[in-house]
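Step one of this worksheet: look at the structure below.
Index from 1, following the sequence.
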Amino acid sequence: TLAATMTSQQSKLINGGLAGIVGVTCVFPIDLAKTRLQNQRQGQQAYKSMMDCLVKTVRSEGYFGMYRGAAVNLTLVTPEKAIKLAANDFFRHHLAKDGKRLTVFKEMLAGCAAGMCQVVITTPMEMLKIQLQDAGRLASQQQKPVILSHTKLVATNAVISRSYNSGTVVSAPRAVSATQIARELLQTQGIKGLYRGLGATLMRDVPFSIVYFPLFANLNHLGKPSPEESSPFYWAFFSGCVAGSTAAVAVNPCDVVKTRLQSLNKGSTEETYSGVVDCVSKIMRKEGPSAFLKGAGCRALVIAPLFGIAQVMYFVGVGEYILDNSPLRILSA
């Protein structure tokens with residue numbers, strides 16, 4: 001019935017949203033390390049590895065420095081994950097015929113459509129998050145005596161020291177909160193300012209969903225005791241982790257391009273890019289093919305538990321429990 005379908009969709013939205021919040025809280029420091037590693041250029045490496053990045057971040061910015069930009073992610077990850085997971089289920093349902101299992105092509109089609117839906121939220125969320133995550137890397141880079149005149153170096157360090165003393169880590173007197181950055185972008189560039197890097201985000205998220213959803217569905221199917229029963233929760237978690245990390249590494253080159261394009265603040269000698277093609281050609285020419293794999297390990301470590309947790313939330317049925325025990329449902333009963 002229509003009511004049952006509506007309830008099912010609502011529970012999926014709740015499960016997706018809660019999974020996003022729990023997952024982001026667990027893995028955000030690794031995501032911060034990924035952004036900073038991806039934005040490093042040759043000859044200006046502030047961090048040698050993920051652990052080195054996290055240790056230096058805690059030393060210079062404190063424990064909560066690892067969660068710089070987490071607020072905007074936690075605010076927007078609920079609608080983002082909800083749209084992604086619910087859209088995939090919606091398209092799978094409409095592509096299915098007579099209750100038969102979907103072909104791999106149709107599973108990929110459903111994933112593609114889900115990826116295209118989610119970028120409405122993903123692009124501005126990533127845009128704001130990256131500015132906040134990368135601020136500490138730029139500050140640490142400018143503290144080093146790179147090719148700058150004495151006067152400029154003194155002035156730069158003065159700005160940085162004032163920033164540290166005031167409790168925010170920025171490399172220049174720019175906006176330091178997601179709200180301020182969003183307001184500034186809207187005033188100067190309009191709504192398109194928040195959607196900078198949309199093409200690169202589509203390049204990353206559509207292939208990710210095309211790889212992830214069919215891979216998860218087929219791995220999860222292997223763990224089912226019988227076609228009617230669902231797979232055990234540990235198998236759902238394992239399937240989510242494997243499918244998520246595989247898809248994450250596969251699309252990492254697109255993630256590097258997206259991160260570079262969405263970084264508004266650049267170091268004193270860092271390249272600027274006019275678009276996806278310009279970014280790809282400059283990275284290839286100046287840093288080589290290996291640059292496209294920067295942060296791949298971090299990204300796999302972020303995505304694996306994120307989607308593993310998401311699938312467990314679906315398995316446990318937290319959304320269904322909340323809806324069944326909500327005051328409105330109890331009163332209507």
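- In the model, S263 has a side-chain atom that pairs as donor or acceptor with a side-chain atom of N39 under 3.5 Å.
- Checked by atom type, the side-chain pair Q38/T35 shows no donor-acceptor distance below 3.5 Å.
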Pair Y67-E61, side-chain contact (heavy atoms from CB on, under 4.5 Å): steps then yes or no
CA-CA 10 Å; Y67 283 88; E61 302 165 56; over 6 Å; no
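- Y212 has its side chain out of reach of I303: every pair of non-hydrogen atoms, C-beta onward, lies at least 4.5 Å apart.
- Of all the heavy atoms in F213 and R92, the pair that sits closest is O-NH1, 4.5 Å.
- When side chains are defined from C-beta on, T179 does not count as touching L128, because their heavy atoms never get closer than 4.5 Å.
- No side-chain heavy atom of I181 sits under 4.5 Å from any side-chain heavy atom of M127.
- With respect to the salt-bridge test (charged N to carboxylate O, under 4.0 angstrom), the residues E287 and K294 qualify.
- Across every non-hydrogen atom of C298 and A33, the tightest pair is SG-CB, 4.3 Å.
- Under a hydrophobic-cluster definition in which Ile, Leu, Val, Met, Phe, Trp and Tyr are linked whenever side-chain heavy atoms come within less than 4.5 Å, directly or via other members, M51 and Y63 are assigned to the same cluster.
- Side-chain contact between Q262 and T201 is present, with at least one heavy-atom pair separated by less than 4.5 Å.
- In this structure the side chain of V249 never reaches within 4.5 angstrom of the side chain of R299, judged on heavy atoms.
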Given the rule in the side-chain contact (heavy atoms from CB on, under 4.5 Å) test, do L74 and F28 qualify, once you have shown the distances and angles that lead to the verdict?
CA-CA 10 Å; L74 289 169; F28 195 84; over 6 Å; no
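- In this view, T272 and K266 satisfy the side-chain contact (heavy atoms from CB on, under 4.5 Å) rule, not counting sequence neighbours.
- V72 places a side-chain heavy atom less than 4.5 Å from the side chain of L76.
- Side-chain atoms of S209 never come within 3.5 Å of backbone atoms of V206 as a donor-acceptor pair (strictly under, hydrogens ignored).
- A salt bridge is defined here as a Lys NZ or Arg NE, NH1 or NH2 lying under 4.0 Å from an Asp or Glu carboxylate O, and D255 with K34 meets this definition.
- Across all non-hydrogen atoms, the minimal contact from M116 to V119 is O-CG2, 3.2 Å.
- Taken together through direct or relayed side-chain contacts under 4.5 Å among Ile, Leu, Val, Met, Phe, Trp and Tyr, M108 and L102 form parts of separate hydrophobic clusters.
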Under the criterion side-chain contact (heavy atoms from CB on, under 4.5 Å), I'd like the reasoning laid out for V257 against V280: C-alpha separation, chi angles, the key distance, then a yes or no.
CA-CA 7 Å; V257 173; V280 171; 3.8 Å; yes
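- Counting non-hydrogen atoms of neighbouring residues, nucleotides and ligands closer than 6.0 angstrom, the NE2 atom of H221 reaches no more than 12 such neighbours.
- In this structure, the side chains of L109 and L95 come closer than 4.5 Å at one or more pairs of heavy atoms.
- Note on residues 114-130: pairs passing salt bridge (charged side-chain N to carboxylate O under 4.0 Å, His left out), not counting sequence neighbours, are D31-K129, E126-K129, E126-R204, E126-K258.
- Other residues, nucleotides and ligands contribute at most 12 non-hydrogen atoms within 6.0 Å of the CZ atom of R59.
- For S281 (side chain) and D278 (main-chain N/O), a donor-acceptor pair under 3.5 Å exists by modelled atom type.
- In this structure, the separation between CG on N88 and CD1 on I83 is 13.5 Å, given to the nearest 0.5 Å.
- Enclosure of atom NZ in K224 by more than 12 non-hydrogen atoms of other residues, nucleotides or ligands within 6.0 angstrom is indicated.
- N220 contributes no side-chain N or O that, together with a main-chain N or O of S231, makes up a donor-acceptor pair within less than 3.5 Å.
- Under a 3.5 Å cut-off, the side chain of W235 and the backbone N or O of L222 do not form any donor-acceptor pair.
- Proximity of the aromatic rings of F216 and F307 is defined here by a centroid distance below 6.0 angstrom, and this criterion is not met.
- By the 4.5 Å heavy-atom criterion applied to side chains, Q40 and Y47 are counted as neighbours.
- Looking at R36 and T57, their side chains do bring a donor and an acceptor atom within 3.5 Å of each other.
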Assess the residue pair Q133 and R68 against the criterion (side-chain contact (heavy atoms from CB on, under 4.5 Å)); give the C-alpha distance rounded to whole Å, side-chain angles, the decisive distance to 0.1 Å, and a yes or no.
CA-CA 5 Å; Q133 284 184 329; R68 189 171 298 280; 5.5 Å; no
